[in-house]
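Heads up: the structure comes next, in structure tokens.
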Amino acid sequence: MRQSDFFLPTLKENAAEAQIPSHQLMLRSGLARQLAAGVFSFLPMGYKVIKKIIEILREEMDAIGGQEFLLPALNPIEIWEQTGRVEAMGDVLFHIKNREGLVLAPTHEEIIAFHAKQHIKSYRDMPQIWYQIQTKFRNEARPKSGVLRGRQFTMKDAYSLDTTWEGLDAAYEKHYQAYCKTFERCGISFFVVGASSGAMGGRQSQEFMVESDSGEDTCAIASGYSANIEVATSAVLPVGRIDSNDPIEKFATPNAKTIDDLIEQFGIPEERCAKSVVYIADDKPILIFMRGNDELNESKLQGILGTGNLRPAVAEELIEFTGADHGSIGPINLKSDIRIISDLLLKDANGLVSGANEDGFHLKNIDFTRDCPHIKEFYDLRTVRNGEPSIVNGEPLRIVKAIELGHIFKLGTKYSEALDAKFLDSEGKEHPIIMGSYGIGVERIMACYIEQNHDDKGIIWKKPLTPFDVHLLAINPAKFPEVAQACETLYNELSDAGYEVLYDDRDETAGVKFNDADLIGLPTQVIVGAKNLKDGNIEVKYRESGERKVIPLSSLKDELN
RNA sequence: CGGGGUAUAGCGCAGUCCGGCUAGCGCACCUGGUUUGGGACCAGGGGGUCGGGGGUUCGAAUCCCUCUACCCCGACCA
């Protein structure tokens with residue numbers, strides 16, 4: 001491709017709205033342009049990269065027996081109503097205004113289940129892996145970070161149909177392996193975490209993550225262990241017992257509203273402080289008791305309570321249910337008989353200090369085994385913190401931000417049951433099809449690659465995602481016809497040899513070409529200038545290492561091999 | 001949805017507080033000339049509903065009301 005003909009608008013300055021490197025560089029290097037919040041156009045150079053990513057995805061899906069579909073983005077809302085997801089997705093689902101009964105598909109579990117119901121009738125019809133690589137629409141409340149969170153984006157999603165749970169396990173494992181291969185081929189460093197399956201329903205779920213300060217997820221990782229913070233656990237020791245048998249004692253704490261106040265004003269050891277949090281779950285109050293400075297993990301709480309409908313109680317509710325305002329609440333002498341659950345670390349502990357359920361007072365010497373027989377439920381409720389020992393080998397956990405690149409779910413029968421997609425087994429008995437769901441964000445691969453492969457000059461492309469293999473730079477071809485002539489020859493030879501060549505034949509100064517070349521970031525720059533050419537030489541520069549070599553014109557093909 | 005910010009030429013910005021000549025600067029773009037290995041120089045030139053609507057005023061980019069878009073933090077995130 002001759003650059004003088006190629007639509008490749010590079011920018012010298014960063015766009016004001018771009019905050020993260022991948023977003024800035026996608027705009028500056030002419031890969032993409034924003035059309036509206038969370039909506040992007042890909043320009044020819046960017047689309048070349050998208051197509052290369054898609055081809056890798058397609059190859060890896062085909063390799064595990066996947067069959068590619070082209071599914072509609074316009075969906076009848078009835079299907080979504082049958083699975084309850086119109087309500088579950090709420091504003092995230094785009095509704096068509098001037099045609100009743102249509103929505104824009106944010107994903108395709110329902111449509112897959114619909115077609116499975118039509119035609120998958122027998123255990124002989126399975127297993128199946130169906131996939132698509134298409135545009136999805138989600139009315140995100142807050143699009144951000146360039147293409148990382150958009151309202152319209154490309155997704156590879158696959159669905160497995162199986163007759164048995166063992167079959168689902170096998171399909172899941174196939175996708176796990178295919179995803180690892182895909183990201184490795186793309187040259188992306190990633191890790192896999194156990195994840196919460198959220199409102200999707202289902203049994204097992206893992207996310208493929210890229211560590212990045214631009215990420216929206218938080219993960220805990222150490223060697224041999226990695227988990228989304230929503231489900232991460234650590235080997236922090238329980239509070240345990242101290243050698244004391246003192247009775248419970250009430251004491252005045254008029255100016256202590258927080259755990260830190262208690263520690264400072266009364267010299268109570270931090271680990272002996274316990275705190276109480278009141279939540280309202282499905283309109284019922286619940287008191288959560290945990291170590292003083294631990295943070296409640298709402299995802300874990302949702303999992304334990306089996307509902308996502310929960311919120312912290314407000315002041316009036318605190319007083320109504322406990323008798324005290326926040327800061328003075330505890331598990332003993334509660335005003336009303338509400339459910340209490342406690343963090344595992346407090347099980348069997350004694351010598352604890354907690355609120356007295358009376359404003360301005362706390363209790364000390366609380367012994368869980370002696371004083372709190374009414375607390376029978378103990379769960380892991382806390383959010384792990386940086387540096388806590390891993391449950392695998394005690395290595396300190398690192399808490400990092402991460403971008404979710406892919407997600408694999410063992411869905412189970414939620415959608416097949418809701419949409420009545422059933423099959424007959426070999427004994428003629430009817431069962432719902434067992435499904436899995438596996439997604440990868442295409443634009444996110446591109447953005448993550450750039451996040452991991454750039455420097456202060458621009459992007460650093462490598463095979464196989466690079467939009468071109470070679471950037472051929474003609475230095476002052478207008479003044480030196482021999483340069484233009486040599487470039488024309490090289491351009492033809494390299495193209496004939498199978499290289500994708502971007503040929504900078506523009507009438508620009510050397511500096512502009514060099515800076516554009518570094519910004520665009522093709523892996524190899526072949527620089528043809530009059531000085532070197534006079535001796536029959538050209539220069540080769542490798543973008544990643546910055547290494548430059550002056551070599552004879554005739555040995556270029558050997559150099560590139 | 002809550003909080004904060006921004007909107008002036010294709011891009012980046014100044015001018016707005018304190019209303020007043022023809023709305024400016026850098027980059028980009030066009031013409032001519034000179035340059036030519038790390039974002040050249042000289043000269044000339046084109047390009048603006050100052051986000052939209054309404055109001056105050058002799059006069060509004062500037063003050064008031066209102067709407068919209070975009071960005072950031074939070075909430076949410078199948």
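All values below come from the heavy atoms of this structure, side chains included, with hydrogens, waters and symmetry mates left out. Chain identifiers are assigned alphabetically (A, B, ...) following the order of the sequence lines, protein sequences preceding nucleic acid strands; residue numbering begins at 1 within each chain.
Pair assignment for C11(B) gives G26(B), based on Watson-Crick or G-U wobble hydrogen-bonding distances that are each under 3.5 Å. Across all strands shown, C76(B) has no partner, as no Watson-Crick or G-U wobble contact with both distances under 3.5 Å is found. When both distances must be under 3.5 Å, the Watson-Crick or G-U wobble mate of C21(B) does not exist. C70(B): Watson-Crick or G-U partner is G5(B), with both key distances under 3.5 Å. Nucleotide C50(B) forms a pair with no other nucleotide shown, judged by Watson-Crick or G-U wobble geometry with both contacts under 3.5 Å. C41(B) is paired with G33(B) under the criterion used here, namely a Watson-Crick or G-U wobble arrangement in which both key atom distances are under 3.5 Å.
We find that CZ of R506(A) is positioned 15 Å from P of G39(B), with the value rounded to whole Å. Nucleotide U35(B) holds its P atom 12 Å from the CZ atom of F480(A), rounded to whole Å. At whole-Å resolution of the value, CZ in R149(A) and P in C71(B) are 14 Å apart. In this structure, the CG atom of N515(A) is 14 Å from the C1' atom of C27(B), given to the nearest Å. Rounded to an integer number of Å, the gap from CG of N139(A) to P of A75(B) is 19 Å. Residue R311(A) contributes atom CZ, which lies 23 Å from atom P of G74(B) at whole-angstrom precision. Atom CD of E17(A) and atom P of G51(B) are 17 Å apart (whole Å).
Across all strands, I475(A) comes closer than 4.0 Å to base atoms (heavy-atom distances). In this structure, V512(A) reaches the bases: a heavy-atom distance under 4.0 Å links it to at least one base atom across the strands shown.
The side chain of A16(A) sits closest to C13(B) out of C13(B), C76(B), G39(B). Out of G12(B), C72(B), G38(B), the shortest distance to the side chain of R548(A) is found at G38(B).
Not one side-chain nitrogen or oxygen of T509(A) sits closer than 4.0 Å to the OP1 or OP2 atom of G39(B).
For the residue pair D169(A) / Q204(A), no side-chain donor-acceptor distance below 3.5 Å is found, with atom types taken as modelled.
Below the 3.5 angstrom threshold, one finds a donor paired with an acceptor across the side chain of E13(A) and the base of G26(B). For G12(B), the base has no donor-acceptor partner in the side chain of N14(A) [N/O atoms by modelled type, under 3.5 angstrom]. Between the side chain of R142(A) and the base of C72(B), no donor-acceptor pair under 3.5 Å is found.
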- Assess whether salt bridge (Lys or Arg N to Asp or Glu O under 4.0 Å) is satisfied between D504(A) and R506(A), documenting all intermediate values. CA-CA 5 Å; D504(A) 192 348; R506(A) 295 175 301 166; 2.9 Å; yes

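Taking the ring axis of Y172(A) as reference, the NZ or CZ atom of K410(A) stays within 45° of it and closer than 6.0 Å to the ring centre.
Here the closest heavy-atom approach between residue N139(A) and residue F94(A) is recorded as N-CE1, 3.3 Å.
Proximity of a side-chain donor or acceptor of S160(A) to a complementary backbone N or O of G436(A) within less than 3.5 Å is detected.
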